[in-house]
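Can you read through this structure? Questions will come right after.
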There are 2 protein chains.
Amino acid sequence: MPRPKAFDEDQALDAAMRTFWANGYEATSTEDLCRATGLGRSSIYNTFTSKHELFKRALVRYTELTTTGQLTLLDDETRPAKDRLRDLFDAVIEGEVENRRGERGIGCLTVNTTVELAGRDHEAAELLARDQQRRLDAFEAVIRTGQRDGDITSATPPAELARFLTAVIAGMRVAGQGGADIPTLKAIASTAMGAL
Amino acid sequence: MPRPKAFDEDQALDAAMRTFWANGYEATSTEDLCRATGLGRSSIYNTFTSKHELFKRALVRYTELTTTGQLTLLDDETRPAKDRLRDLFDAVIEGEVENRRGERGIGCLTVNTTVELAGRDHEAAELLARDQQRRLDAFEAVIRTGQRDGDITSATPPAELARFLTAVIAGMRVAGQGGADIPTLKAIASTAMGAL
DNA sequence: CCTGTTTTGTATTGATCTGTCCAAAATTAG
DNA sequence: CTAATTTTGGACAGATCAATACAAAACAGG
């Protein structure tokens, strides 16, 4: 029987994900990935095939972790719609608090990848589109509920409000990477909530 | 007396700027820059010193062109504040219409650079911070005027509204790069304007 | 037309990049 | 303990990277 791997695959994937997240795809070398994961080249190529394949898996893992967490908040039908949206913004800000390098945020891997790769990496673009659709659908459902129940007074179509909120969140991520502090991000979120 | 350059420096800078804009800093090779500008390596290094120096000049040029254009709209005191903000959003969307590659936008060089480089390129980060401050100041002044004149009813502090609007614009850029079409971008802008 | 200066094209450097190769080490089943 | 299989480390291959060297071409002033 085969010799078992001496490392945990998911743990290695997390380390790779974090490296791509912090430095981007192009600026991350395979040696960076070796250092971050603690693995040798052979182990990496043996289990993940190529840098690009590893990146795709890291991206999928990121979206699974974050989007699933966000959908859990958004789909909680025991709470009023507007509260759920507020919870989501709080979670986004909480994430920004946790993921800082110096005085700046490291952003969000999906936003970073959209900016860096979506225009020339068809596979990454497709993964991102799928993830985005999941989030848009969840937003739309919450907003629809909120409008029905009256805690969202804006008459703008749910799909448009959903697009608006995802754009604001992306903008907050960029602002964080540009050096905006946490109170500033909270103010942006609060203003966005005011639009509902 | 010296032999004159056989090319227009600003024209070459524009071509380089556009290449960095469309592909990012890391993904742009010096050979890409030669092809885009039509120059040989020697000419490029002779006039721009290095890839990084050329990038900084391209970034400065980009901010000069776009931010100056935006400030012209925002500072036009002959028009009501809210109209000026609407004009700005229209201009942003107009820019997105013009700068598309296939079905996606190529974003905004300042947003792209914030995402790709701000965290590890101190010089780029400083250029971006200066440019952002100019825009924030202009936004703040318009908003203050609008609140005084009554066409902006939100009581949120001008500085916070300014941050909100720049975040929304960054988010629109990201959305465009993610494949959002023009009507979608218009809906986002219109919702943002509703928050005022 | 010549002289001095700069630009420009080409070849090249040395570093770094992704990915492969191969043999040694490690592990389990029998 | 042996055989079969996989992982692992380190060296290596080939391509590409940013940047330089250098000589020839191009130009302006006298």
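Within every chain, numbering begins at 1; the chains are lettered A, B, ... in the order of the sequence lines, protein sequences first and strands thereafter. Worth saying up front: this structure is predicted, and the values here are computed from it rather than measured.
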> If we ignore angles and hydrogens, is there a donor and acceptor under 3.5 Å between the side chains of Thr19(A) and Asp32(A)?
Replying inline: no
>> Is it true that, when you exclude Lys186(B) itself, more than 12 heavy atoms of the residues, nucleotides or ligands shown sit nearer than 6.0 Å to its NZ?
In response: no
>> One character per nucleotide, please: for nucleotides 14-23 of chain C, 5' to 3', B when the base has a protein heavy atom closer than 4.0 Å, S when only the sugar-phosphate does, - otherwise.
In response: ---SBBBB--
>> What I want to check is whether the side chains of Asn46(B) and Ser43(B) have a donor and an acceptor closer together than 3.5 Å.
In response: no
>> Please report the distance, rounded to the nearest Å, between CD1 in Ile44(A) and C1' in dT8(D).
In response: 12 Å
> Taking CG from Asn46(A) and C1' from dG9(D), how many angstroms apart are they, rounded to a whole number?
Replying inline: 13 Å
> Residues two or more places apart in sequence or in another chain: which of them pass side chain to side chain contact (heavy atoms under 4.5 Å, CB included) with Ala187(B)?
Replying inline: Glu160(A)
> Reckon Ser43(B) has a side-chain N or O less than 4.0 Å from the OP1 or OP2 of dT7(C)?
Replying inline: no
>> Tell me if the CD atom of Glu9(A) is crowded by more than 12 foreign heavy atoms within 6.0 Å.
In response: yes
>> How many whole angstroms separate atom CZ of Arg35(B) from atom P of dC17(D)?
In response: 9 Å
> Starting at CD of Glu9(B) and ending at C1' of dT6(C), how long is that distance when rounded to a whole Å?
Replying inline: 14 Å
>> From CZ of Phe48(A) over to P of dT7(D), roughly how many Å is that when rounded to an integer?
In response: 12 Å
> Hey, is Arg135(A) close enough to Asp131(A) for a salt bridge, meaning N to O under 4.0 Å?
Replying inline: yes
